[in-house]
Number of protein chains: 2
Amino acid sequence: MILFVDMDEVIADTYGAHIAIYNAEFSQQLNTQICLGSEVWQMVPEEHQESVRQHATRKGFFRDLKPIQDSQEVLKDLSEKHEVYIASAAMQFPNSLREKSNWLDEYFPFIPWKKRILCGDKHILSSDVLIDDRVYNLEHFSGRSILFTSPHNVNNNGYERANSWLEIADKLL
Amino acid sequence: MILFVDMDEVIADTYGAHIAIYNAEFSQQLNTQICLGSEVWQMVPEEHQESVRQHATRKGFFRDLKPIQDSQEVLKDLSEKHEVYIASAAMQFPNSLREKSNWLDEYFPFIPWKKRILCGDKHILSSDVLIDDRVYNLEHFSGRSILFTSPHNVNNNGYERANSWLEIADKLL
């Protein structure tokens, strides 16, 4: 079985990083619970929105992300049983490309460079399973689409959902 | 129609760059004609081979490549008629990722970030046409496979071949 796994908000905690940077720079107390159903930039005052939207263009933003809980252990087990590819729509942020490669080397060394895909639009990818947090990536996918829960997508319906990597393990191991 | 187009030795003159760097650093007179049927590193004395093999890890190597003759004009026309994606097996060289993105911005600005793919192994890609200089990329491709002539592949048979971008124009425009 061939599996494609997204990076941001599936194995890398981009959402948490947005909140942490915003809170630190503007002395705020934003948290995931308050943000449910929205993007982080939508939950800050209008005068701060552009700052949050620009986080992803900062040097080091993608390199410093924390892995999502249990993603390393479960993906290691999955990669021994299935063909696991990382597929990230990263081309919008050229600064992220090297950082994502280095980040994977550190946290997911068992997924070698041959099984990493940095692309623009995921619609050209086909495989058996796609695990992603964005409906617009899943909706054109012809295989089994699994929506990985992220604070921004809690209100999206119509897709098989996984709330954690332990649930992914139950489904696919 | 969806087209995937390789970068190195199809739209970017990697082969010529290897020869130019080698000649400059070792005061040699290597040229494409001498090298036909081989990789550049195979055509230099054994004590220089490792140096040539390391060119691709140098800062600036991929950013400084020249576009292959007529590739810009023909690909511009093709991109107006078909869905053209650039697909480069770049993950082996993390230093190349940002450079390839910047290089495309300069020479192929009409192919936007949404249509760029940097991957490890191309076997997971499927579309209608793949233009590539490497048989190992073409042999698992299910669509129309076009071998773009590069000095190293002149002896490969069994694939539809294009010797230039003008021939690609004849075939696909």
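The structure presented is a predicted model; accordingly, all values stated were derived computationally and were not measured.
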Would you find a donor on one side and an acceptor on the other, under 3.5 Å apart, between the side chain of B/His55 and the backbone of B/Ala17? no

For chain A, which residues of residues 128-137 of chain B have heavy atoms nearer than 4.5 angstrom: none

Give a yes or no on this: more than 12 heavy atoms of other residues, nucleotides or ligands lie within 6.0 Å of atom CD of B/Glu139. yes

Output yes when A/Glu9 and A/Lys66 qualify as a salt bridge under the 4.0 Å nitrogen-oxygen rule, no when they do not. no

Any luck finding a side-chain donor-acceptor pair between B/His48 and B/Tyr22 under 3.5 Å? yes

Contact part of A/Ser126 toward chain B, heavy-atom cut-off under 4.5 Å: side chain, backbone, both or neither? both

State, without any angle test, whether B/Asn153 and B/Arg161 hold a side-chain donor-acceptor pair at a distance under 3.5 Å. yes

Positions in residues 85-115 of chain A that reach chain B, provided some heavy atom is under 4.5 Å away: A/Tyr85, A/Met91, A/Gln92, A/Pro94, A/Asn95, A/Leu97, A/Arg98, A/Ser101, A/Trp113, A/Lys114

Which is it for B/Asn156 and B/Val154 under the side chain to side chain contact (heavy atoms under 4.5 Å, CB included) test, yes or no, and what are the steps along the way? CA-CA 6 Å; B/Asn156 292 132; B/Val154 295; over 6 Å; no

Is the CD atom of B/Gln33 crowded by more than 12 outside heavy atoms at less than 6.0 Å? no

For B/Gln29, look at atom CD and say whether over 12 heavy atoms of other residues, nucleotides or ligands are found less than 6.0 Å away. no

Which atoms of A/Leu125 are under 4.5 Å from chain B, going by heavy atoms: the side chain, the backbone, both sets, or neither? side chain

Taking A/Lys171 first and then A/Glu167, would you say they form a salt bridge - that is, a charged N and a carboxylate O separated by under 4.0 Å? no

Check whether the ring centres of B/Phe61 and B/His18 lie less than 6.0 Å apart, and answer yes or no. yes

